[in-house]
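Working notes, beginning with the structure itself.
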Amino acid sequence: MKLQEYQAKSILKKAGIPLPASTLATNAVQVKRIAAEIGYPVVLKAQTFEPGRGKAGGVRIIQTESEIENISNEIFKLVLNQHPVQFILVEKAFTFSKEYYLAIFSDLDAGTPVLRLSEAGGATYLEPDSFKNARVVDRPININLGLQDYQIRGLVTTLGIDPSLWKQLQLIAHKIYDVYRHYDATLVEINSLVVTQQNQLFALDTRISIDNQSLFRQESLSDSLDQSYFGWEERQALKYDVDYHSFPGEIGCMVNGLGLAYLTIDQLISLNTLPAAMIDIHGGATSTSISSSLEMLLLNPRVKAIIINIFGGMTRCDETADGLLQALDKGFPKKPIFIRLEGTNDDSGLDLLHKNENLSFFGTTEALVNAAVGWLREEEE
Amino acid sequence: MSILISAESRIMVQGITGRRGHFHASQMLKSGSQIVGGTSPGKGGDWSHEGRLPIFDTVRDCVDATSADVSVIFVPPHSTADAILESIDCGVKTIISITGSIPLQDMMVVKSALKNSDSILVGPNSPGVLVPGIANAGIFPNDIAFQGNVGVVSRSGTLCYEIVDTLKREGIGVSTVVGIGDDPIIGIDYPTCLELFEADPHTDQIVLIGGPGGDSEIKAATYIMENVTKPVIAYVVGESLATSILRPFFSRSGSLSLDSLGKKTGALIDASVRVAGKLSDIPAIIKS
């Protein structure tokens with residue numbers, strides 16, 4: 001889970017990392033008041049998870065008070081990938097002489113945290129070509145020992161960073177490692193880390209991502225999770241512990257497991273058809289989450305037909321059938337349902353379902369998807 | 001005859017009184033696996049499964065009393081790392097974590113502990129290890145496969161079922177099925193499984209099932225090129241996403257990088273692996 005910029009900054013501030021003064025605003029009047037407090041020039045930054053914020057005009061430098069309300073209103077009118085901008089971060093604009101990139105991230109293949117320092121900070125870091133030419137140094141961290149001073153020294157000497165900055169950099173590196181550990185992050189990034197005219201290191205911008213699998217023990221964060229950002233389906237999915245993805249097609253899919261999701265999508269793509277939604281109920285789902293998942297597909301107006309592809313190991317087919325019947329008995333819109341139910345307790349699961357007239361049954365993923373797509377084609381003609 | 005587990009394996013279940021642990025211990029008993037007991041802290045001294053299985057408070061007690069050398073873990077995600085570390089500490093040889101979605105930093109601690117031990121971790125988020133007719137150490141549906149000479153390794157659990165079911169329909173038996181797990185950080189990887197299959201006299205051919213995320217299939221391809229003499233047949237699910245308009249929807253989710261999407265099939269072909277265009281094509285390739 002990515003944190004919004006303002007959330008990430010408040011975490012780093014709390015950790016004692018030097019950052020430019022900034023405050024969050026929800027309307028143009030607030031923006032103007034905050035800017036007056038902070039002092040011009042200021043940067044207005046649209047708070048969004050969507051990429052391309054800068055290009056869309058969501059980041060603007062404001063020199064004087066006269067233009068600030070108009071520009072704030074322009075930013076609040078922006079809609080990035082269907083998500084309207086609701087918050088602007090008002091931040092003190094800074095001049096600096098040099099920028100670096102500093103981060104702790106998770107190397108999933110090696111299974112370790114990594115400390116990374118690069119002389120290509122700012123936008124340069126994000127451009128593949130300039131990144132290739134810049135020097136980037138990584139140090140894997142033994143999670144049981146923690147980040148060591150000598151590792152940081154290794155980085156700063158490799159990059160030839162001025163010794164007058166070493167102490168500050170060491171302190172910041174330790175602090176972001178502490179943030180990484182404390183918040184179960186997968187990434188704590190300072191980009192860019194700038195050197196001011198007073199030879200002070202300052203964190204101009206930051207990104208923090210939190211491990212979704214650890215959210216249960218990060219209560220302070222899951223409470224601050226901006227749920228208004230999610231649609232109804234995403235909120236349902238969070239509530240019932242299933243994965244929900246929305247796509248541009250017309251077939252709603254429910255599967256148990258990521259592999260089966262991809263297999264189903266591969267088969268759809270091979271028939272030039274796209275899914276409308278993909279719900280992964282995971283292994284061992286309860287009848288309640290299965291019932292809620294089917295409900296999401298039945299209520300989605302874009303979903304014309306439904307594919308249910310279950311090969312139960314930990315997912316019990318009798319429990320699956322029970323959940324499906326719960327949703328089917330609720331009087332939602334009727335849609336053709338193409339189902340493949342196999343694995344643990346499949347006999348009793350199929351017995352429960354066989355009476356329902358909306359369902360047609362298949363033995364393999366291929367036959368299942370082919371039938372659903374065939375029905376959709378006929379319907380279109 | 002098999003890899004990772006065998007007829008001699010003495011299997012214990014961590015979390016044997018939980019809903020899932022209890023149910024799948026029954027399934028494993030039905031399959032004829034040699035289950036010797038389980039743990040459930042606070043319930044040590046009780047018996048479960050109609051008195052067939054002794055319950056212990058700790059892995060140490062269970063191992064001392066039953067000589068268990070394989071543990072199958074069903075405890076909830078927040079205590080899974082602790083359960084794995086407990087088994088490592090007690091010298092359990094093969095540790096299989098059915099539980100998935102383990103906090104990533106917990107898994108980093110586990111990976112570090114594994115380096116200093118002789119234990120092998122399968123998973124997390126694994127369906128287990130299946131040797132048909134001998135032992136089902138995990139959650140494989142019973143009777144899903146029969147004995148034969150094809151070894152199967154897959155990250156995805158459901159695709160493990162899917163492929164062995166497909167093989168069974170075509171009359172092909174398997175030596176061992178290993179689900180290495182679909183979590184971002186896992187224990188045993190493709191190369192180690194391939195090494196074990198290469199050395200297993202009862203495995204003649206190897207089926208490798210891959211998927212999107214990370215580059216472990218590419219590492220497998222390199223390993224195969226340099227070390228594997230037995231024929232390998234592969235299928236990588238989700239490769240069609242690389243050129244599909246669906247790709248951006250996936251790149252925004254999940255923690256593994258999609259940089260290698262669409263390149264895995266090519267890397268495996270370069271390693272002389274026979275790659276199936278569809279999962280259902282695999283039996284024909286095996287028979288050819």
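A, B, ... follow the sequence lines: proteins, then strands. Residue 1 opens every chain.
- Interface remark: B:Ser240 contributes backbone and side-chain atoms alike to the contact with chain A (heavy atom separation under 4.5 Å).
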Verdict with reasoning, B:Tyr161 to A:Asn256, per side-chain hydrogen bond (donor to acceptor under 3.5 Å, both in side chains)
CA-CA 12 Å; B:Tyr161 313 154; A:Asn256 66 320; over 6 Å; no
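- Ionic pairing of A:Glu342 and B:Lys168 is not present here: no N-O contact between side-chain nitrogen and carboxylate oxygen is shorter than 4.0 angstrom.
- In this structure, no portion of B:Asp143 lies under 4.5 Å from any heavy atom of chain A.
- Residue A:Leu260 touches chain B through both its backbone and its side chain, counting heavy-atom pairs closer than 4.5 Å.
- A:Ala261 does not touch chain B: none of its heavy atoms, backbone or side chain, sits under 4.5 Å away.
- Between the side chain of B:Arg20 and the backbone N or O of A:Met314 there is no donor-acceptor pair closer than 3.5 Å.
- Taking CD from B:Glu162 and OG1 from A:Thr365, the interatomic distance works out to 3.5 Å, rounded to the nearest 0.5 Å.
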Test side-chain contact (heavy atoms from CB on, under 4.5 Å) on B:Ser112 and A:Asn142 and set out the steps.
CA-CA 8 Å; B:Ser112 171; A:Asn142 180 330; 3.9 Å; yes
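- Between A:Asp109 and B:Lys111, no side-chain nitrogen of the basic residue sits less than 4.0 Å from a carboxylate oxygen of the acidic one, so the salt-bridge criterion is not met.
- Heavy-atom distances place both the backbone and the side chain of A:Arg181 under 4.5 Å from chain B.
- Atom CD1 of A:Ile269 sits about 5.0 Å away from atom CG of B:Leu246, to the nearest 0.5 Å.
- Among A:Gly257, A:Ser214, A:Gly313, the residue with the largest count of heavy-atom pairs under 4.5 Å with chain B is A:Gly313.
- A salt bridge links A:Glu319 to B:Arg19: one of the charged nitrogens lies within less than 4.0 Å of a carboxylate oxygen.
- B:Ile245 places a side-chain heavy atom less than 4.5 Å from the side chain of A:Pro248.
- Using a 4.5 Å cut-off between heavy atoms, A:Asp243 does not touch chain B at all.
- Of the listed residues (B:Cys160, B:Gly211, B:Ser280), the greatest number of heavy-atom pairs within a distance under 4.5 Å of chain A belongs to B:Ser280.
- With values rounded to the nearest 0.5 angstrom, A:Phe311 atom CZ is found 11.0 Å from B:Ser156 atom OG.
- Contact annotation for B:Phe140: neither backbone nor side-chain heavy atoms come within less than 4.5 Å of a heavy atom of chain A.
- Looking only at distances, no side-chain donor or acceptor of A:Gln213 sits under 3.5 Å from a matching main-chain atom of B:Leu104.
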Verdict with supporting geometry, B:Val236 and A:Tyr262, side-chain contact (heavy atoms from CB on, under 4.5 Å)
CA-CA 10 Å; B:Val236 184; A:Tyr262 287 123; over 6 Å; no
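- Within the 4.5 angstrom heavy-atom criterion, only backbone atoms of B:Glu239 (N, CA, C, O) approach chain A.
- Residue B:Leu279 touches chain A through its side chain alone, counting heavy-atom pairs closer than 4.5 Å.
- In this structure, OG on B:Ser244 lies 8.0 Å from CD1 on A:Ile265, to the nearest 0.5 angstrom.
- For the set B:Gly100, B:Pro103, B:Pro141, the count of heavy-atom pairs under 4.5 angstrom toward chain A peaks at B:Pro103.
- Inspection of the B:Gln27 and A:Thr344 side chains reveals no N or O donor paired with an N or O acceptor under 3.5 Å.
- Most heavy-atom pairs under 4.5 Å with chain B: of the set A:Gly284, A:Gly343, A:Ser209, this distinction falls to A:Gly284.
- With hydrogens and angles disregarded, no donor-acceptor distance shorter than 3.5 Å links the side chain of A:Glu366 to the backbone of B:Lys278.
- With rounding to the nearest 0.5 Å, the separation of CD1 in A:Ile143 from CD in B:Gln105 is 4.5 Å.
- For chain A, the nearby parts of B:Ile139 are the backbone and the side chain; heavy atoms of each come within less than 4.5 Å.
- In this structure the side chain of B:Met108 reaches within 4.5 angstrom of the side chain of A:Pro113, judged on heavy atoms.
- Between chain A and the options B:Val109, B:Ile144, B:Ile98, B:Ile209, heavy-atom pairs under 4.5 Å are most frequent for B:Val109.
- Judged by distance alone, with hydrogens and angles left aside, the side-chain atoms of A:Asp266 form no donor-acceptor pair with the main-chain N or O of B:Val237 at under 3.5 Å.
- Under the side-chain contact (heavy atoms from CB on, under 4.5 Å) rule, B:Ile185 has a single partner from A:Leu108, A:Thr112, A:Asp107, which is A:Leu108.
- Of the inter-residue distances, the one linking A:Asp280 atom CG with B:Thr158 atom OG1 reads 8.0 Å to the nearest 0.5 angstrom.
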